[in-house]
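Here the structure is laid out as structure tokens; the discussion comes afterwards.
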Amino acid sequence: MTTKQINKYIENIIDPSRNQSLGALQAIKHLGIDPEKNTVILLIEVGKKNPDVTNQLTRELAKIVKIDLGFAGLVVDYEQSRPEHLGKKVKILGIASGKGGVGKSTVTANLAYALTRLGKKVGILDADIYGANMPKILDCENRILESNADGKVTPITVDGIEMVSTEYMVDTDRALLWRGPMLGKVLKIFFDDTLWSPELEYLLVDLPPGTGDVMMDLRQFVADIKLLLVTTPHPSASHIAIKAGFAAKSLQQELLGVIENMSWLEIDNHRHKVFGEGGGEAVSEKLLVPLLGQIPLGQPTGENPSIFSETDKIGIIYLSLAKTIMRLVENA
Ligand SMILES: Nc1ncnc2c1ncn2[C@@H]1O[C@H](COP(=O)(O)OP(=O)(O)OP(=O)(O)O)[C@@H](O)[C@H]1O
Ligand SMILES: [Mg+2]
């Protein structure tokens, strides 16, 4: 029996999370046969990777493969599909740190501007439940997230950057959201029910401080999120960033690299290491990922006190960081 023939038998099975057949969904990502063990090996993409869905599919697949077709074994792995409104080409980057206050949100926003200046269409998802401040950073706090009759949300757009934030959810539905598995509900709206531009190329997810719990929630929506770890040069920050990195690794989450923020303060061409040094390097060495860039301390010269302009020294550093990241993810 060939893989083509097996495909014919299993392509009519319905993914219960999407109510369409595996064939129509092009959900059979890999189909192989291990002749020695007389076993069929499958990788199936599902709309929702939860036990209800995968157990039902495994039962139906095992019935066909083992009972109808007579194979001795079946090995099946599942992967989470992309949300409907996020095309396959969108690169999803999570900005994490472990320790709070090291500059995740500032880096997220400035990276979004730098990527935009390099011609990319960028979105920001502010997933920091308790400390959401992207509306403040992008200076659009007075706006509201609009939803249409189907409950689909249109992101806010600032300088061509699309953005959704948990901050907008609090006032509209405080009672619903501030209890129970709140993050999951908000993430569902932001991933499944937000009308991101079809042109979107990068989605930057500003994560809350912490070492992994949010990642578990995120993975139910996007499996292939890549992480950028932000640290300061000080061991107190790098120590926790390393922990966060190992937590992510244990979840098989891809770590793209490390960004060291607040690396020095330059006065009269002299770099003062006010927060010490070596944090970025330490994280990079421990986790075996590259140190992608170092961002000094400084304030923007433009109107927005958080966003560096293209001509600010630090704005230029962000452009170079964005180019490094583009090379990494686009040549992968
Ligand atoms: N390179 C820098 N130079 C000067 N100030 C900075 C720099 N990076 C960040 N800051 C400032 O440090 C503070 C914390 O930054 P930010 O809010 O981006 O950190 P965070 O890691 O997102 O914090 P939280 O963990 O609370 O989400 C802000 O006031 C920000 O303006
Ligand atoms: Mg933040």
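All ligand and atom numbering here is 1-based and tracks the order in the structure.
In this structure, Pro305 has no heavy atom closer than 4.0 Å to ligand 1. Contact between Ser306 and ligand 1 is absent, with no heavy atom of the residue lying under 4.0 Å from the ligand. At least one heavy atom of Gln299 sits less than 4.0 Å from an atom of ligand 1.
With Asp192 as the fixed residue, the salt bridge (Lys or Arg N to Asp or Glu O under 4.0 Å) test singles out one of Lys185, Lys152, Lys48: Lys48. Tested against Leu42 for a side chain to side chain contact (heavy atoms under 4.5 Å, CB included), the candidates Leu74, Thr58, Leu57 yield a single pass: Leu74.
The distance criterion of under 3.5 Å between nitrogen or oxygen atoms is met by Pro296 with respect to ligand 1. For Lys99, no nitrogen or oxygen atom sits less than 3.5 Å from a nitrogen or oxygen atom of ligand 1, counting backbone and side chain alike. Between Gly298 and ligand 1, an N or O atom pair is found at a separation short of 3.5 Å. Residue Asp206 places no N or O, backbone or side chain, under 3.5 Å from any N or O of ligand 1. Where the criterion is an N or O separation shorter than 3.5 Å, residue side chain and backbone included, Gly103 meets it with respect to ligand 1.
Looking only at heavy atoms of the protein, atom 20 (P) of ligand 1 is closest to Lys104 N, 3.4 Å. Among protein heavy atoms, atom 12 (O) of ligand 1 sits closest to Met262 CE, 3.7 Å. In terms of protein heavy atoms, atom 26 (O) of ligand 1 is closest to Gly101 N, 4.0 Å. At the top of the distance list for atom 7 (C) of ligand 1, counting protein heavy atoms only, stands Asn261 ND2, 3.8 Å. Of all protein heavy atoms, the one lying nearest to atom 17 (O) of ligand 1 is Asn133 ND2, 3.5 Å. Closest protein heavy atom to atom 28 (C) of ligand 1: Thr106 OG1, 4.5 Å. Given atom 27 (O) of ligand 1, the protein heavy atom at minimum distance is Asp128 OD2, 3.2 Å.
Checked by atom type and distance alone, the side chain of Thr39 pairs as donor or acceptor with a backbone atom of Lys37 at under 3.5 Å. No donor-acceptor pair closer than 3.5 Å links the side chain of Asp206 to the backbone N or O of Ile124. Counting only distance, with no hydrogens or angles, the side chain of Ser21 and the backbone of Asn12 share no donor-acceptor pair below 3.5 Å. Remark: side-chain polar atoms of Asn261 are paired, donor with acceptor, to backbone N or O of Val102 under 3.5 angstrom. No side-chain donor-acceptor contact under 3.5 Å links Asp312 to the backbone of Ile314. With hydrogens and angles disregarded, no donor-acceptor distance shorter than 3.5 Å links the side chain of Asn7 to the backbone of Leu31. Proximity of a side-chain donor or acceptor of Trp196 to a complementary backbone N or O of Phe190 within less than 3.5 Å is detected.
Note on Lys136 versus Glu141: salt bridge recorded, some NZ/NE/NH1/NH2 to OD/OE distance being below 4.0 Å. Between Asp224 and Arg82 there is a salt bridge, with a side-chain nitrogen of the basic residue lying less than 4.0 Å from a carboxylate oxygen of the acidic one.
Within 4.0 Å of atom 4 (C) of ligand 1, at least one protein heavy atom is present. Put simply, atom 15 (O) of ligand 1 has protein non-hydrogen atoms near it, under 4.0 Å away.
Within 6.0 Å of NZ on Lys286 lie no more than 12 heavy atoms contributed by other residues, nucleotides or ligands.
Counting only protein N, O or S atoms, 1 lie closer than 2.8 Å to the Mg ion (ligand 2).
Under a hydrophobic clustering in which Ile, Leu, Val, Met, Phe, Trp and Tyr are joined whenever their side-chain heavy atoms come within less than 4.5 Å, directly or via other members, Val258 and Met262 fall into different clusters.
Contacts of Val107 with ligand 1, taken as heavy-atom pairs under 4.0 Å, are absent altogether.
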Under 3.5 Å, which donor-acceptor pairs link side chains of residues 264-281 to any protein atom two or more places apart or in another chain?
from: Glu266; atom 1: OE2; to: Lys313; atom 2: NZ; distance (Å): 2.8
from: Lys273; atom 1: NZ; to: Glu277; atom 2: OE1; distance (Å): 3.2

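Taking CD1 of Ile242 as the reference point, atom CG of Leu229 lies at 9.5 Å (rounded to 0.5 Å).
Remark: ligand 1 atoms within the under-4.0 Å shell around heavy atoms of Gly100 are 25 (O). The ligand atoms of ligand 1 that sit less than 4.0 angstrom from a heavy atom of Pro209 are 25 (O).
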Practice task
Check the pair Glu330 / Lys120 against salt bridge (charged side-chain N to carboxylate O under 4.0 Å, His left out), numbers first and verdict last.
Solution key: CA-CA 12 Å; Glu330 292 180 21; Lys120 299 292 170 183; 3.2 Å; yes
